[in-house]
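Below is one structure; the comments refer to it alone.
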Amino acid sequence: MEKLIFEISRAGRSADAQHPQFAVDTAPVPAALRRKTKPKLPEVSELQAVRHFTRLSRLNFSIDTHFYPLGSCTMKYNPRACNTLAMLPEFLARHPLAPESHSQGFLACMYELQEILMDVTGMAGVSLTPMAGAQGEFAGVAMIRAYHQARNDLERTEILVPDAAHGTNPATAVQCGCTVREIPTNAEGDVDLEALKAAVGPKTAGIMLTNPSTLGVFERNIKKIAEIVHQAGGLLYYDGANLNAILGKVRPGDMGFDVIHMNLHKTFSTPHGGGGPGAGAVGVSQRLLPFMPIPVVAIDGQNCVRRGPAPAPASAPAGAAAEGAVSPSYRWLDERDLPQTIGRLSAFMGNAGVLLRAYVYARLLGREGMHRVGEYATLNANYLMAKLRDAGFDLAFPSRRASHEFIITLKRQKKEIELTATDVAKRLLDYGYHAPTVYFPLLVPECLLIEPTETEDKETLDNFVDALVKIWDEAKADIQKVKGAPYTMPVRRLDDVRAVRQLDVRYQAA
Ligand SMILES: *Cc1c(COP(=O)(O)O)cnc(C)c1O
């Protein structure tokens, strides 16, 4: 068992020897605010600290070490180059309150990122400020509400959410003061159109959809759905968590969506899943432009938020004006430019580092590369799905092609040999694989939601299939063996209910 850093601490030990000593002048701090006792920090040498945290980091599963097919999260390898460029000292040294005149390079990158995202999604405007997908959802539904309120259409407080939706969708609607109305999914994985028709009406504020859906299939009736909801006076919200699948291929704006969020930390080069910083940029159609969260970057002197189709940014030179031409000057738009804005959602402009990585990634890929992302993500998912089907696993939606992810269900295995999705997830750890998403979406019993992403090679996918087949064979021979997994991890199977209900990770000094 790993020791806690406090357990290797010994009074008086420190890393001072290798560092110059500073005399700290505490005089400016008022006496009443000064510490009376030393903070209870672990006292270890520098080398002990380095070894401790390096050892801990190696206990993790990560993209750098393992295949990580966590559905709905797009846990793909993100090019190091994006991070290196986003971490240039000039970016890191810029203070978020630096005046616009000192931030023109950064503002140019943000402006171009807005343009690229508009182009790739077919939306009329983009605001980069939300700090997570869920916060992008909040911004989106707040804009939908603001739109109805501005038209004095005050009865529209109902948000329609398919039963397959991610939990953040209904939670967002409730946070925005709306009520949630659930729409069932049919056996093929599409929204039940008859149920939708029956649900829309004068109370409909909008619908929140993920497409491809969390079931891993493309909603074929999206045009029809847009028509039904728009005719009823509602707007369409696009949950962009699955944008990776359609990147460069289909655009939410063309499907009829009025507002979307993109998880830049799933699709655009920031690793997702570590609970680290995110970016949930939002895109809007023409009618929601006035309500965008601020700040937004604009070219000074241009009509504050540009309207009309986006030009092709991927081929434009990176902020460099042709020789002799005056380069544009960029500025932030605030509430004076957008008096109907829903306001500010984050300190400053959002997570600058995540946004810069997304910008560099998009520039590295260009238009062509965006196509490749969608194509290979889809190819890998369909290859893996076909191999698992041929190996005898049951697909949740056997008649459908996968998008970038797909679902297998262990309902039959559970009934016949008591093999559950949890058992498979735990045993996969012993084989060196992070588990796929399990028990989500809730609609499919004993489900594994598998997303290989475009960055994995064929051998990895083949080996993963072999591991799943082996686990199933093991279970047939001796179910207790699988139920005891994992065997090779620092901890064995945890009591997951207790871990949620009675989580206690505080260290209490003896
Ligand atoms: C990840 C995800 C979200 C929420 O995004 P966060 O950035 O984690 O807040 C919403 N919907 C779906 C379908 C997702 O997969």
Side-chain angles (χ1 to χ4, degrees), residues 68-76 78 117 121 127-142 159-176 180 182-183 185 189 191 206-219 222 236-247 252 257 259-283 293 345-346 350-351 353-355 357-358 377 381 402-407 436-444 447-453:
Y68 207 133
L70 195 68
S72 208
C73 289
T74 310
M75 300 295 294
K76 64 181 171 184
N78 295 293
L117 295 177
T121 59
S127 168
L128 303 170
T129 172
M131 310 256 260
Q135 207 189 20
E137 290 178 36
F138 182 84
V141 177
I159 295 281
L160 312 176
V161 180
D163 53 5
H166 194 264
T168 47
N169 293 183
T172 295
V174 171
Q175 283 294 313
C176 288
V180 175
E182 199 172 272
I183 308 294
T185 302
V191 167
I207 187 168
M208 297 181 86
L209 281 179
T210 314
N211 195 18
S213 74
T214 54
L215 302 172
V217 297
F218 190 83
E219 174 55 68
I222 184 56
L236 280 89
Y237 182 90
Y238 179 86
D239 178 327
N242 292 343
L243 189 65
N244 207 60
I246 59 167
L247 212 53
F257 284 96
V259 54
I260 72 171
H261 85 258
M262 293 153 266
N263 300 66
L264 298 184
H265 50 281
K266 292 180 181 174
T267 310
F268 287 91
S269 191
T270 287
H272 174 63
V282 285
L345 290 169
S346 59
N351 272 322
V354 182
L355 297 173
R357 272 196 290 276
S403 53
H404 61 307
E405 60 186 354
F406 61 93
I407 303 174
T437 296
V438 290
Y439 300 104
F440 173 80
L442 303 174
L443 287 182
V444 184
C447 66
L448 300 172
L449 176 61
I450 304 173
E451 179 176 0
T453 81

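Just so it is clear, the values below take in all heavy atoms, side chains as well, and ignore hydrogens, waters and symmetry mates. Starting from 1, each residue takes its place in the sequence as its number. In listed order, ligands and their atoms are each counted from 1.
Interface of Glu137 with ligand 1, defined as ligand atoms under 4.0 Å from a residue heavy atom, comprises 10 (C), 11 (N). Atoms of ligand 1 lying under 4.0 Å from any heavy atom of Ser72, numbered from 1 in the order shown and given with element: 13 (C), 14 (C), 15 (O).
Among protein heavy atoms, atom 6 (P) of ligand 1 sits closest to Gly133 N, 3.5 Å. At the shortest separation from atom 14 (C) of ligand 1 among protein heavy atoms lies Lys266 NZ, 2.9 Å. Nearest non-hydrogen protein atom to atom 5 (O) of ligand 1 is Asn263 ND2, 2.9 Å. Atom 11 (N) of ligand 1 has its closest protein heavy atom at Asp239 OD2, 2.6 Å. When hydrogens are left out, the protein atom nearest atom 8 (O) of ligand 1 is His272 CE1, 3.8 Å; that is the closest non-hydrogen contact.
Between Ala134 and ligand 1, a contact under 3.5 Å exists for at least one N or O pair. Considering both main-chain and side-chain atoms, Asn169 never comes within under 3.5 Å of ligand 1 through any nitrogen or oxygen pair.
Under 3.5 Å, the side chains of Lys266 and Asn244 contain no donor-acceptor pair of N or O atoms. Using modelled atom types and a 3.5 Å distance limit, the side chains of Glu219 and Ser213 yield no donor-acceptor pair. There is a side-chain donor-acceptor pair under 3.5 Å between Thr74 and Glu451. Side-chain contact, Ser72 with Thr437: no donor N or O sits under 3.5 Å from an acceptor N or O. Residues Asn169 and Asp239 have side chains that bring a donor and an acceptor to within less than 3.5 angstrom of each other.
A centroid separation of 6.0 Å or more is found between the aromatic rings of His261 and Tyr238.
The line from OG1 of Thr185 to CG of Leu215 is 5.5 Å long, rounded to the nearest 0.5 Å.
Ligand 1 has no atom lying under 4.0 Å from any heavy atom of Gln135.
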